[in-house]
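Since the structure comes first, as structure tokens, the remarks are kept for the end.
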Amino acid sequence: MHDIRAIRENPAAFDAALSRRGLPGASSEILALDADRRAKIAAAETAAADQNKASKEVGAAKARGDDAEFERLRALVAEKKAEIARLTAEADAEDARLRDLLMRIPNLPHADVPTGKDEDDNVEIRAWGTPRQFNFAPVEHFDIPGVKPGMDFETAAKLSGSRFVVLKGAVIRVHRALAQFMLDTHITEHGLTEMWTPVLVKEDAMYGTNQLPKFAEDSYQTTNGWWLIPTSEVTLTNTVAGDLLDETALPIRMTAHTQCFRSEAGSAGKDTSGMLRQHQFEKVEMVSITTPDTSMAEHERMTRCAEAILEKLGLPYRTIVLCTGDMGFGAQKTHDMEVWLPGQNRYREISSVSVCGDFQARRMNARFRPASGGKPEFVHTLNGSGLAVGRCLIAVLENGQQADGSVDLPVVLHPYLGGKTRIAADGTLQ
RNA sequence: GGAGAGGUGGCGGAGUGGUCGAUCGCGCCGGUCUCGAAAACCGGAGUAGGUGCAAGCCUACCGUGGGUUCGAAUCCCACCCUCUCCGCCA
């Protein structure tokens, strides 16, 4: 959410930043509402002050037996009370409207971020690895002979419909190994703290990390009001909601491996085959809570944490910085890692690492007390995939496929597979 | 699901109708003492909103929303959340 004061102080800069995202200016509407709201608050507070004054005097009037004054003040209090009720109701309504308006406006892009319209304007900042040369035509993950016995979309459709999968045998073991490998690397080499969180959350948490109010249709809700998390960014970030932390506690670096649930509303017809885009998938997420002056450095650090996983797995990737038009709602700046998928002959997103500044912290009311002893300030929040496990499985399978239909598996996974090194063409782990 | 207890400032914990935004302890900040530190002692400090160049002033906030009252942290109602015991259960 945006700081109304910052908009008041510099409406032109606010509109200019929105314009970089390809959005119309909003400051004039916001400021008109804000001015109206403040006038109402001032009127309500003046009336409240009058009431408080009369309330204090009424006791004294009664004590000295001045009945006329007592009755006059009593009537005045009653009158002010009605006035206050009316004015605060109006002020509250405008405040709610303003808050809702501010809640629905995306974060402003960091100065570093290239201006652009869509993904064509994203900028590659580095690439790692060389796509392997195949002496046969590589296929997509679901067509690899060794994978087919362990990846069953028909049975999943019977159980749940489209965009679900049943995994079996060697394939799910590799999937599980990947998640374990990612977590272990993050906790032992990257200094993140492993967490395990609920996947059902209250509405407040979804507001905190900006899934709500604008993107309700992208997530699922239970009949009793819980939401299924679309990412553990929601739970990890909201662990500090409402807190006032000591600066010495920062940065807080967390990671969690959870199920994620997405309705994929609006992606009908996109990535319909294979397990690239599912309603239910697993992700190892990273979240950092930092001070304002360390968040940009943390963004680079977190990006490296994600890249390290890909490098250890030997998966060629490129890292891009998203342009203003392609960034997500809450981000100030985003790095996407795209992994090479030989079956599709292209790079596909496997991780997205974003710095949100105080955008989410303001929604969650998550603050820290500076070590210098000043006023509490909002923390900065960052989140990134490290990595999407299902997509990583796809990448490992497609990049490791062999002419005979088998799949060679990355060396770093072998210890997680009981020393096995490949999925044979018949689907067995060998 | 049944029964009970409770939600107060960074934390713990008092306060049951009127100078209570709130006793006290811990923690925090400043000072005295000390070579320095600890301890001890003295002093300071809530959060948010509004208004003002500023000092300041005003308003709100004791889980949330209503109500009673001239006046509510304190009384009443509803809701939310947490904890304990019982039952059930992965």
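Side chains are part of it too, since the values below use all heavy atoms of this structure and drop only hydrogens, waters and symmetry mates. Letters A, B, ... are given to chains in the order of the sequence lines, protein chains preceding strands, and every chain is numbered from 1.
- Pairing of A72(B), defined by two Watson-Crick or G-U wobble distances under 3.5 Å, is not identified with any nucleotide.
- A distance of about 16 Å separates the C1' atoms of G6(B) and U64(B), rounded to the whole Å.
- Residues L178(A) and L413(A) are in side-chain contact: their nearest non-hydrogen atoms beyond the backbone lie under 4.5 Å apart.
- Across A78(B) and C11(B), the matching P atoms stand 30 Å from one another, rounded to whole Å.
- Summary of the strand contacts: L244(A) and I41(A) both lie near RNA chain B, and taking for each the nucleotide with the nearest heavy atom, the more 5' one is attributed to L244(A).
- Under the 3.5 Å distance criterion, the side-chain polar atoms of D271(A) are left unmatched by any main-chain donor or acceptor of L276(A).
- For the C1' atoms, the distance from C70(B) to G52(B) is 32 Å, rounded to whole Å.
- Base pairing annotation: A60(B) forms a Watson-Crick or G-U wobble pair with U47(B), both donor-acceptor distances under 3.5 Å.
- For C41(B), the paired base is G31(B) (Watson-Crick or G-U wobble, both distances below 3.5 Å).
- Residues T319(A) and E307(A) have side chains that bring a donor and an acceptor to within less than 3.5 angstrom of each other.
- Remark: P of G49(B) and CG of L102(A) are 13 Å apart, rounded to the nearest angstrom.
- One atom, CD1 of I84(A), and another, P of G50(B), lie 19 Å apart when rounded to the nearest Å.
- Across the strands present, A14(B) finds no partner; the criterion is a Watson-Crick or G-U wobble pair with both atom distances under 3.5 angstrom.
- Residues R262(A) and D218(A) form no side-chain contact, since every pair of their non-hydrogen atoms from C-beta on lies 4.5 Å or further apart.
- On the P atoms, C24(B) is 28 Å away from A37(B), given to the nearest whole Å.
- Between H380(A) and F359(A), the distance from one ring center to the other does not fall under 6.0 angstrom.
- Side-chain proximity of P376(A) to U47(B), G50(B), G71(B): nearest is U47(B).
- The shortest distance between the side-chain N/O atoms of R369(A) and the OP1/OP2 oxygens of G27(B) is not below 4.0 Å.
- In this structure, E247(A) places its CD atom 16 Å from P of C28(B), rounding to the nearest Å.
- Between N365(A) atom CG and U64(B) atom P there is a gap of 13 Å when expressed in whole angstrom units.
- With a cut-off of 3.5 Å on both Watson-Crick or G-U wobble distances, the partner of C20(B) is given as none.
- The nearest whole Å value for the distance from the CD atom in E45(A) to the C1' atom in C57(B) is 12 Å.
- At a threshold of 4.0 angstrom between heavy atoms, the contacts of N52(A) are confined to the sugar-phosphate backbone, with no base atom among them.
- For A90(B), there is no paired base (Watson-Crick or G-U wobble, both distances below 3.5 Å).
- Of the C1' atoms belonging to G15(B) and A73(B), the separation is 8 Å, rounded to the nearest Å.
- Taking atom C1' in both G18(B) and A72(B), the straight-line distance is 10 Å, to the nearest Å.
- G46(B) and C53(B) are spaced 24 Å apart, taking the P atom of each and rounding to whole Å.
- If you measure from atom CD of Q51(A) to atom C1' of U69(B), you get 11 Å, rounded to the nearest angstrom.
- Remark: C1' of U47(B) and CZ of F378(A) are 11 Å apart, rounded to the nearest angstrom.
- Using C1' as the reference atom, G7(B) and C61(B) are 15 Å apart when rounded to the nearest Å.
- With a 3.5 Å ceiling on both atom-pair distances, the Watson-Crick or G-U wobble partner of U82(B) is A5(B).
- Minimum atom distance to the side chain of R8(A) is reached by G50(B), of the listed C70(B), A60(B), G50(B).
- Between U51(B) and R38(A), a contact under 4.0 Å exists linking OP1 or OP2 to a side-chain N or O.
- Across G49(B), U59(B), A48(B), the shortest atom-to-atom separation from the side chain of R367(A) is found for A48(B).
- Regarding K81(A), its NZ atom lies at a distance of 16 Å from the C1' atom of A60(B), rounded to whole Å.
- Each of I4(A) and V77(A) lies near RNA chain B, and the nucleotide nearest I4(A) is the one positioned closer to the 5' end.
- The pair D152(A)-K168(A) does not count as a salt bridge, with every side-chain nitrogen at least 4.0 angstrom from each carboxylate oxygen.
- The main-chain N or O of G343(A) is found under 3.5 Å from a side-chain atom of E398(A) such that the two form a donor-acceptor pair.
- With G50(B), U59(B), U47(B) as the candidates, the nucleotide lying closest to the side chain of K375(A) is U47(B).
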